Every structure is written in C-alpha cells, then in structure tokens.
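Below: one structure, written as structure tokens.
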Amino acid sequence: MAAIDDSLSFEQACTLPTTWCTVHMSLLASRPRAGHHALLQAGAGGVGLAAGEYTHWVGTRASVTVGRPYKHWYLHGMGLRGETLSSRDGGAFALGASKLLGS
C-alpha cells in the first residue's frame, strides 16, 4: 500500500501496479543484469517507460523503439540520446540497430 500522489487521479494510480507487474514479469524471464543490453519495444508507452526505469535500476543498458519524432525527442530528454530506434521505418531501424551493435 502507498498513498496516492496528488499529481495522479485514482484511475491513473490504479494502473501502476499492473504496469509495473507486467514489466517485472517480462524482464524477470530475460534475467537482465548490470552490463547487459535490452531492446524495449514501444518505449514511449506506459509499459515501455516503466521498463526503461526498471532496466536503469538493475544497471542494464536499454535501447527503445518508438515511432513518432516527438517520442524520440521525449526519450532523448530522458537520457536515451542515441538509444532510440524507429519502429515506423524498417530501413531506419536496421541502420540504427547496426550502429548500436557496432556493425
């Protein structure tokens, strides 16, 4: 149990346990560790943002896929500069992924 912060409505606060449990169970299966690298799909959505925080917490480097340019900019502002890949353009995704993998 935790108190609901004034910045959240009751409905918004109710979604947090489900979001974080989804992230925890998904990443628990992959066993992320410090020094590992994770690719997160839909990084600007609720689960994607929580997964980004989770990977930061365990020391895993995260790259994320996002579609719209403003979502790239948003995530760059959160410190993921150079770690976002396009989910709308297959060629851009392949180029970004090859840069991240050092190919």
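Basis for what follows: all heavy atoms, side chains included, without hydrogens, waters or symmetry-related copies. Along the sequence shown, residues are numbered consecutively beginning with 1. No experiment lies behind these values; they were computed from the predicted model shown.
Here the closest non-hydrogen pair linking His37 and Ala62 is NE2-C, 4.2 Å. Across all non-hydrogen atoms, the minimal contact from Thr65 to Ser87 is CB-CB, 4.0 Å. Residue Gly46 comes nearest to Thr19 through the heavy atom pair O-CG2, 3.7 Å, listed as atom of the first residue, atom of the second, then distance. The two residues Gly48 and Leu40 make their nearest non-hydrogen contact at O-CD1, 4.3 Å. Closest approach of Thr55 to Ala38, counting heavy atoms only: CG2-CB, 4.3 Å.
Using a 4.5 Å heavy-atom threshold, the side chains of Leu27 and Thr60 count as separate. Glu83 is not listed as a side-chain neighbour of Met78, based on a closest heavy-atom distance of 4.5 Å or more. Put simply, the side chain of Val23 does not reach to within 4.5 Å of the side chain of Ser26, judged on heavy atoms. Side-chain contact between Leu95 and Leu85 is absent, with no heavy-atom pair separated by less than 4.5 Å.
Clustering ILVMFWY residues whenever any of their side-chain heavy atoms sit less than 4.5 angstrom apart, transitively, puts Met25 in a cluster other than the one holding Trp20. Hydrophobic clustering places Trp57 together with Val47 (ILVMFWY residues linked when any side-chain heavy atoms are closer than 4.5 Å, directly or through intermediates).
Between the OH atom of Tyr74 and the CG atom of Leu49 there is a distance of 5.5 Å, given to the nearest 0.5 Å. We find the CG-OG1 distance between Leu8 and Thr15 to be 8.0 Å, quoted to the nearest 0.5 Å. Atom CG in Leu75 sits 11.0 Å away from atom OH in Tyr70 (nearest 0.5 Å).
A distance-only check finds no donor-acceptor pair linking the side chain of Ser63 to the backbone of Thr84 [under 3.5 Å].
Sparse packing is recorded around NE2 of His56, with 12 or fewer heavy atoms of other residues, nucleotides or ligands lying under 6.0 Å away.
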